[in-house]
Amino acid sequence: MAETARFADGNQLDIDQLRVQAKHRWLFDAEICEILRNYQKFSIATKPPNMPPSGSFFLFDRKAVRFFRNDGHNWRKKGDGRTVKEAQKKLKVGSSDVLHCYSAHGEENENFQRCCYWMLEEEIAHIVLVHYREVKENRTNVNHVNVAEGTTTNFHETEETMNATSLNRDKASQNEDNESDNYQGKLSVVPGADFFTPTQADKVRVANNAGLTDKPLIDLNFPCWKEILKDCEDCAQGVGSQPLHRSFSSTQTDTLENIPTQVHEILGELSSNRLGEGEELASHLLRHGELQGTTSTESVDVASDSIMDYTKEFTYCEIFKSKEALIQWTREVGRKNGFVIVIKRSDSGDGGQKARITFCCERGGQYRNTGKNKEDKKEKQSRNTSTKKCGCPFTLKGHKLGSDGNWMLKVVCGVHNHPSIKPLEGRSYAGRLSREETLLLIDMSKNMVPPKDILVALKNKDANNASTIKQIYNARQRYNKVIEMAEGSQMQQLLKKFFEYKYIVWHRSFDNTDITKDLLWAHPASLKLLRAFPRVLIMDCTYKTSKYNLPLLEILGVTSTNMAFLVAFAYLESEQEDNYTWVLETLRSVMDDNAMPTVILSDKELALMNAIEKVFPATKHLLCRWHVSRNVMRNCEKLFAANEIWEKFITSWNVVVSSSNEDEFTDHLNTLKQEFSSYPQAIEYVTNTWLNNYKERFVSAWTDKIMHFGNLTENRVEGLHSKIGEQLHTSRDNFETCWANIHRLLELQPAEIKASFEKSSTVVQDQFQFLEFKELCGFISIDALHKVLSEAKHASSVGVDASKCGCVIRHTYGLPCAHEIAEFKRGSRSIPLESIDPYWRKLDLVPVSKKQKAKLGYESVFDSIAKRIDESDNDTRVEILKKLSEIANMESEVRKERHDRPNSKGDTSAHGDASAFELE
């Protein structure tokens, strides 16, 4: 723990006397330390005071009184309007930090202040001293006057004297409101000499054992060390050829006699000797006292003990082969020592000047207010701004040697006035990407790699990489802006991509303008899929796919293997009937008149529904049951107070929707109205909004008569929405980025669909190795086989009675129903391929309108067989005729089961035993 100053035994702390003096001055740091260290001897407040007056101070235990700041006063707030704005500072006693200090200003009276102190020592850090005081406006705030260890202080000072030595929290409070860039130089106190900095000389009176002196000290007005360094730097550049001299006024010369000898020698040496190099001056100042830079900006707090000289680390006598090698070496050395070195200025050498480069510390220089009109700026809402600049004097210079490209480095000033930071993560400049890293980021971004994965890849490649996720996002944004500036507007970039990948694109513009109104595009492979499977279309709009918030209409189809595929996309100016009509008419123009959709599924978007009826009048339009159910839940659930009643209502509603015929629908609806007559709003909503006008579009009593192939919901679209959302990552992308992510899905879907065709054509699952499916396996999709198998399980119970069967699967899927399968089984026949709708038998991408029945040249085959029989002997003739007989009687042949061959590995199948109907 840092050593702290204490009072001598002859001057024990008098708390009563301090309470009197606290009304006129701030307490000294050493006094505060003594009070906090001996808190057991004083009274600890058990609750915050109410409107404490100026000059009062209190002790609190933070563990017992958590909200000790709730004193009833109105303190100045931060930008959020809720949090009290407090200036933070660490206070010293001697040369060690011992105290935390948090100061606040009054909202109405800015001169009324509150300071809270607690020790850095963890053992007593919970004890807090809170001091309230109103500072007179004409007082000038100065730094603390620390009481050195082993000295005593006369506390019987006048009010004027104590105010002149008020604590630095007054100045910190002033800095809280006025950010300044004026750095004041100070010469540190020389050990053994009672000497203060020039900024304090005319304000501070020193208390000692002999009492106080009323004679004011004269302002020496010495030049600050930054000015001296500037003169030295000019001398090093050859700006001036005269020796460095600092002239002093007669008053300053007389005053020099009163300065202690050691300090006088330093100033005399500075004023008479020429220091040709800036690093020599810095080293000289470091030998005699700490070189310190301060700023009035609240966010910068550089202590004098942070001064470090890195001249040796940056001294390099070798020659660099290129400017890039010089820059790389300088930044790498700075990184190793915990500093960020940046280029301050650079001259390429054009115009007859010598090529050179100047390096400085990232925290060098001063904050510059870029506001042009200060009057207008004051009227705007204030922003919480800050700066990392602290006037660091570190400077390096490199210059080119001749015309051979070699460079040399020279240390002008190797001093940093702030501590080093290791590691450098979080430092914006240290996290900048190199050229190689930027190229890697661009390449990974083009391949849709998320930013977090890009950052991981960069850090795996370079262990010293200090980039953050924010810098990755910024780099991607800069790249997109560069592309936009180089390749034109967003729409021009998108059209260029369409042309590059041979998309089919349609667009229309506003009247008499070149502004695009609606844009429709389709991948060539998607149109090929549409012509092969036009029977079912699903349409839905999605939002938040780009930063322009335009509706994106998605049109999907469904294959015989039950796989959805993306047909086309359209950016719409608005969701009006005219926009939808233009899209559907354009899409219809690329379809064959003999291959129109039989079913179109969408949600209850009235404009889209009207456009569908207008463009596809012969097509059945169905409403998505999932959207209907979601709307009923959103509008009716809030009408039911009890959850049990709501569950009964939604169950009864689902029964109504699932009614198998119109009579059953009427009965179920009447039951719903009777059971929930006490909820008229819910009954009115489902009746007027859905059933009266649209029941034919989603209730089973009507949809079971339509060949929809099982497409009653838009779950497929929602699933693709999810995939697209995973690819987009954010809703703030531009058109080109949005298209690139969708394009990736479009490129992959043909291969997946072809793979499903191949599986249905070649793979025969064990559960279909029976007589009923002998003609179907390999000729229809596996999904259709599963539906037939499910219906075959009911064949035994239903029998051949068609009225008992209902024939729903025949009407909706185009597949044989239970009573048909029972007839085939009764005659020991397999299910014929002709009983399957052509939709399920299509396992290729040949357009429907162009697919014709293959003509087989069987006459030539029979002629060959007859010739072979005539030329063969009797035994061969018997074998040929036997095989021809098997082919002719294929349907009557019963396939023998393979139960006679035992499995040496045991039964590892996950399927159960064969059902009864399968063994018949």
Audit row: Glu437, Leu440, side-chain contact (heavy atoms from CB on, under 4.5 Å) steps and yes/no: CA-CA 5 Å; Glu437 291 173 333; Leu440 178 61; 5.6 Å; no

Determine, step by step, whether Glu752 and Met563 satisfy the side-chain contact (heavy atoms from CB on, under 4.5 Å) criterion, reporting the C-alpha distance in whole Å, the side-chain angles of both residues, the deciding distance to 0.1 Å, and the verdict. CA-CA 9 Å; Glu752 295 176 356; Met563 292 187 65; 4.0 Å; yes

Mind running side-chain contact (heavy atoms from CB on, under 4.5 Å) on Gln681 and Asn635 for me, showing each step along the way? CA-CA 10 Å; Gln681 291 180 328; Asn635 290 278; over 6 Å; no

Stepwise, does the side-chain contact (heavy atoms from CB on, under 4.5 Å) test hold for Ile515 with Ser509? CA-CA 5 Å; Ile515 301 175; Ser509 304; 5.8 Å; no

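Between the Ser756 side chain and the Ile753 main chain, a donor and an acceptor come within less than 3.5 Å of each other. In terms of modelled atom types and a separation under 3.5 Å, the side chain of Ser629 and the main chain of Trp626 share no donor-acceptor contact. Listed for the Asn562 side chain is no donor-acceptor partner under 3.5 Å among the backbone atoms of Val558. Side-chain atoms of Thr561 never come within 3.5 Å of backbone atoms of Ser781 as a donor-acceptor pair (strictly under, hydrogens ignored). The main-chain N or O of Ile809 is never found under 3.5 Å from a side-chain atom of Glu791 such that the two would form a donor-acceptor pair. A donor-acceptor contact shorter than 3.5 Å links the side chain of Gln471 to the backbone of Thr468. Panel note: side chain Trp840, backbone Tyr813; a donor-acceptor pair is recorded below 3.5 Å. A distance-only check finds a donor-acceptor pair linking the side chain of Tyr839 to the backbone of Thr559 [under 3.5 Å]. At distances below 3.5 Å, at least one donor-acceptor pair connects side-chain atoms of Asn460 with backbone N or O atoms of Val456.
Residues Pro750 and Phe565 have side chains not in contact (no heavy-atom distance under 4.5 Å, counting atoms from C-beta outward). Within the 4.5 Å cutoff, side-chain heavy atoms of His621 are placed close to those of Leu623. Proximity of Leu691 to Val699: side-chain heavy atoms (C-beta onward) are separated by under 4.5 Å at one or more points. Between Val536 and Leu601 there is no side-chain heavy-atom pair separated by less than 4.5 Å. Taking the side chain as every heavy atom from C-beta outward, Phe768 and His786 approach each other to under 4.5 Å. Counting only heavy atoms from C-beta outward, the side chains of Ser560 and Arg841 never approach each other to under 4.5 Å. Annotation: side chain of Leu776 is in contact with side chain of Leu785 (closest heavy-atom distance under 4.5 Å). The side-chain heavy atoms of Phe676 and Val686, taken from C-beta on, include no pair separated by under 4.5 Å.
Residues Ile821 and Pro816 come closest through the heavy atom pair CD1-O, 3.9 Å. Between Gly814 and Met707, the closest heavy-atom pair is N-SD, 3.2 Å. When all heavy atoms of Val615 and Arg588 are compared, the closest pair comes out as O-NE, 3.5 Å. Nearest approach of Pro524 to Lys502, heavy atoms of both residues: CG-O, 3.0 Å. Smallest separation of non-hydrogen atoms from Leu672 and Ile683: O-CD1, 3.8 Å. Between Cys805 and Ala818, the shortest heavy-atom contact is SG-N, 3.7 Å.
Residue-environment remark: CZ (Phe779) stays at or below the threshold of 12 foreign heavy atoms within 6.0 Å. The 12-atom threshold is exceeded at NZ of Lys787, counting heavy atoms of other residues, nucleotides or ligands nearer than 6.0 Å. Applying the 6.0 Å contact sphere to CZ of Arg435 captures no more than 12 heavy atoms from other residues, nucleotides or ligands. Heavy-atom neighbours of Phe499 CZ from other residues, nucleotides or ligands within 6.0 Å: at or below the threshold of 12. Glu500 CD: more than 12 foreign heavy atoms inside a 6.0 Å radius.
Atom CG of Leu815 is separated from atom CZ of Phe709 by 8.5 Å, given to the nearest 0.5 angstrom. The line from CE of Met444 to CG of Leu458 is 7.0 Å long, rounded to the nearest 0.5 Å. Within the model, atoms CD1 of Ile780 and CG of Leu843 stand 8.5 Å from one another, a figure rounded to the nearest 0.5 Å. Rounding to the nearest 0.5 Å gives a distance of 8.5 Å between CG of Asn688 and CG of Asn693. Remark: Leu789 CG to Ile782 CD1 distance equals 12.5 Å, nearest 0.5 Å. A distance of 5.0 Å separates CD1 of Ile538 from CG of Asn711, quoted to the nearest 0.5 Å.
Between Trp653 and Phe698, the ring planes lie tilted relative to each other; the angle falls in the 30° to 60° range.
For the pair Lys604 and Trp690, the cation sits on the ring face: its NZ or CZ lies under 6.0 Å from the ring centre, inside 45° of the axis.
If you check the side chains of Ser700 and Arg625, you find a donor sitting under 3.5 Å from an acceptor. No hydrogens or angles considered: a donor-acceptor pair under 3.5 Å links the side chains of Ser467 and Asn465. With 3.5 Å as the limit, one finds no donor-acceptor pair spanning the side chains of His507 and Thr516.
Evaluated for a ring-ring contact (aromatic ring centres under 6.0 Å, His included) with Trp739, the options Phe569, Tyr571, Tyr501 yield exactly one hit, Tyr501. In summary, of the residues considered (Ser658, Ser652, Ser659), a side chain to side chain donor-acceptor pair (under 3.5 Å) with His668 occurs for Ser659 alone.
Remark: Glu637 engages no residue in a salt bridge (charged side-chain N to carboxylate O under 4.0 Å, His left out) (not counting sequence neighbours).
You'll find the ring centres of Phe649 and Tyr679 outside the 6.0 Å limit. Less than 6.0 angstrom separates the ring centroid of Tyr503 from the ring centroid of His743.
Electrostatic pairing of Arg810 and Glu820 counts as a salt bridge here, judged by a charged N lying under 4.0 Å from a carboxylate O.
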I'd like a table of donor-acceptor pairs (distance under 3.5 Å, sequence neighbours excluded) in which one partner is a side-chain atom from residues 575-582, with atom names and distances.
unit_1: Glu575; atom_1: OE1; unit_2: Tyr543; atom_2: OH; d: 2.8
unit_1: Glu575; atom_1: OE2; unit_2: Tyr543; atom_2: OH; d: 2.7
unit_1: Glu575; atom_1: OE2; unit_2: Tyr580; atom_2: OH; d: 3.1
unit_1: Asp578; atom_1: OD2; unit_2: Arg508; atom_2: NH1; d: 3.3
unit_1: Asp578; atom_1: OD2; unit_2: Arg508; atom_2: NH2; d: 2.7
unit_1: Asn579; atom_1: OD1; unit_2: Ser574; atom_2: OG; d: 3.2
unit_1: Asn579; atom_1: OD1; unit_2: Gln576; atom_2: N; d: 3.4
unit_1: Asn579; atom_1: ND2; unit_2: Asp518; atom_2: OD1; d: 3.0
unit_1: Asn579; atom_1: ND2; unit_2: Asp518; atom_2: OD2; d: 3.0
unit_1: Thr581; atom_1: OG1; unit_2: Glu577; atom_2: O; d: 2.7

